[in-house]
> 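Quick one: the structure is below, questions incoming.
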Amino acid sequence: MEHAIASRTALGAAAHRAVHQTLDAACVFKDPLARAILGDDAEPMIARVTERLEGRRLRHFIALRSRFAEDCAGRAIDAGVRQIIVLGAGLDTFAYRLQPREGLQVFELDHPVSQQDKRRRLEEAGVFEPAHVAYVPHDFESGAMAPALIGAGFNPARRSFVMWLGVTPYLTEDAVFGTLSELARLPAGVEIVFDYPNPVESIPDPAARTALEELARRAAELGEPFRCALETEALHARAQALGYVEVEDHDGGSLAARYLPDPKGVSLGRGGHVVRLATR
């Protein structure tokens, strides 16, 4: 993304979450703050994502990835994890819907311009910034994130859960695996959920392939081009080599079968995946 401009693709993701609350009656994922955080951009952004032919497919995938990630986060918190890291937080509202727990901290890492834009939107929407949220400026292409996290109060000696949604396509492959490597080295262990696309030429479903190509085209027009796509088996092998001992990978179809009341009515195709990795 252009460093002086807040992420435009983050606006699109929030708009899809907002539309899911109305057109789909939040059947997968409830986010009552999605529309509010869009502020004055709500009406044009919602109209834009609703009118696109591939909008329903993308909307369902965004809702499904958020539901899966937040379900995993909830289980981690119930198991005693008290450090949540949201990488490339964008306009994600998880931290503001989260029930406070003693000792719970949420570290939102993002580019400082996008972070400032989000905080402005929260203030204008009247959304309170809870005490458990810490804002950590970070550029994934610039190197290690540990110093910034520790400076914000993060404790590497405590196990962490990481959410990283809607980010990896916009990074270089080196930055993606550099981040995974750094997280894998945390001494107390880590669990991470993130999404990624397969290379477009490997996607057998023509509709899914066309939808991904169109999404990449629009992202490039916004100044946020796709830079990384990963082969699933190669990702799993590299993750295991980094020290991740649990690998759980879902494409849109398997997530739909898990969460949608009528998965047969939804065609998500292959190409977009959500993966959970964990170290010991």
Side-chain angles (χ1 to χ4, degrees), residues 1-67 69-70 86 88-98 108 110-130 133 135 163 165-167 169-170 195 207 210-226 252 256 259-261 265-268 272:
M1 60 173 274
E2 297 180 31
H3 289 302
I5 303 174
S7 172
R8 300 298 296 176
T9 55
L11 278 171
H16 280 293
R17 296 197 307 271
V19 173
H20 177 67
Q21 309 308 302
T22 53
L23 288 188
D24 304 321
C27 63
V28 171
F29 173 67
K30 293 179 171 57
D31 185 353
L33 300 179
R35 185 186 181 95
I37 203 169
L38 288 168
D40 293 339
D41 291 305
E43 294 301 329
M45 287 301 303
I46 288 172
R48 196 172 304 159
V49 302
T50 303
E51 69 188 11
R52 290 173 180 150
L53 293 177
E54 78 282 6
R56 187 168 182 257
R57 178 191 298 266
L58 180 58
R59 182 175 80 246
H60 279 135
F61 182 76
I62 287 173
L64 289 163
R65 78 183 183 190
S66 293
R67 171 67 181 274
E70 294 195 12
V86 185
L91 298 180
D92 184 87
T93 65
F94 172 71
Y96 312 90
R97 295 179 280 106
L98 188 60
E108 288 198 353
D110 209 348
H111 190 278
V113 176
S114 291
Q115 208 162 65
Q116 291 164 10
D117 179 68
K118 178 178 188 172
R119 298 185 75 177
R120 174 187 62 80
R121 291 174 183 276
L122 289 168
E123 182 178 5
E124 292 177 356
V127 178
F128 175 70
E129 292 184 0
V133 177
Y135 299 95
M163 293 173 56
L165 302 181
V167 179
Y170 307 101
D195 62 316
T210 299
L212 182 58
E213 290 172 336
E214 176 63 16
L215 185 61
R217 184 191 65 79
R218 289 201 311 271
E221 288 178 350
L222 293 172
E224 300 175 41
F226 281 13
Y259 291 120
L260 281 172
V266 177
S267 175
L268 288 170

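Just so it is clear, the model here is predicted, and its values are computed rather than measured.
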> Any chance you could lay out the side chain to side chain contact (heavy atoms under 4.5 Å, CB included) test for V113 and I5, step after step, and finish with the verdict?
CA-CA 6 Å; V113 176; I5 303 174; 5.6 Å; no
> Identify, with sequence neighbours excluded, every residue that meets side-chain contact (heavy atoms from CB on, under 4.5 Å) alongside A69.
M163, L165, V193
> Quick check: closest heavy atoms across A63 and F29, and the distance to 0.1 Å?
O-CB, 3.6 Å
> So, using salt bridge (charged side-chain N to carboxylate O under 4.0 Å, His left out) as the criterion, who are the partners of E43 when residues are at least two apart?
R35
> Quick one: does H60's side chain get under 4.5 Å of L260's, heavy atoms only?
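H60 vs L260: side chains touch.
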> Would you call R119-E123 a salt bridge at under 4.0 Å N-O?
no
> Rounded to the nearest 0.5 Å, what separation is found between the CZ atom of R218 and the OG1 atom of T9?
11.0 Å
> Residues in side chain to side chain donor-acceptor pair (under 3.5 Å) with D31, at least two apart?
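So D31 forms a side chain to side chain donor-acceptor pair (under 3.5 Å) with R17, T93, R97.
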> Who are the side-chain contact (heavy atoms from CB on, under 4.5 Å) partners of A125, not counting sequence neighbours?
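In terms of side-chain contact (heavy atoms from CB on, under 4.5 Å), with neighbours along the sequence ignored, A125 is linked to A36, V127.
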> At what distance, to the nearest 0.5 angstrom, does CG of L215 lie from CD of E213?
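Atom-to-atom, L215:CG and E213:CD are 11.0 Å apart.
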> So, using side chain to side chain donor-acceptor pair (under 3.5 Å) as the criterion, who are the partners of E124 when residues are at least two apart?
R120
> Under the ring-ring contact (aromatic ring centres under 6.0 Å, His included) test, which residues partner F226, sequence neighbours left out?
Y170
> Under the side chain to side chain contact (heavy atoms under 4.5 Å, CB included) rule, what do H20 and I62 come out as? Steps first, then yes or no, please.
CA-CA 9 Å; H20 177 67; I62 287 173; over 6 Å; no
> Applying side-chain contact (heavy atoms from CB on, under 4.5 Å), can you list everything that pairs with V49, at least two apart in sequence or on another chain?
A15, H16, V19, R52
> Would you name the heavy atoms of P130 and A95 that are closest together and state the gap between them?
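Answer, listing the atom of P130 first, then A95: CG-O, 3.8 Å.
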> Working to the nearest 0.5 angstrom, can you tell me the gap between T210 OG1 and R57 CZ?
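One gets 9.0 Å once the value is rounded to the nearest 0.5 Å.
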> For residues A10 and G90, report the shortest heavy-atom separation together with the two atoms involved.
CB-CA, 4.1 Å
> Salt bridge or not between R217 and E214? Use side-chain N to carboxylate O under 4.0 Å.
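Yes, this pair counts.
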> With the threshold set at 4.0 Å, does a side-chain nitrogen-carboxylate oxygen contact exist between K118 and D110?
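Not counted as a salt bridge, because no side-chain N and carboxylate O are separated by less than 4.0 Å.
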> Kindly write out the residues that satisfy side-chain contact (heavy atoms from CB on, under 4.5 Å) with D41, not counting sequence neighbours, or none if the list is empty.
L11, M45, R121
> Drop me the distance from L91's CG to S7's OG, to the nearest 0.5 angstrom.
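Separation between the atoms: 7.5 Å.
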> Checking Y96 now: which residues fulfil side chain to side chain donor-acceptor pair (under 3.5 Å) with it, not counting sequence neighbours?
E108, Y135
> Calculate, to the nearest 0.5 Å, the distance between atoms OG and CZ belonging to S114 and R8 respectively.
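S114 OG to R8 CZ: 10.5 Å, rounded to 0.5 Å.
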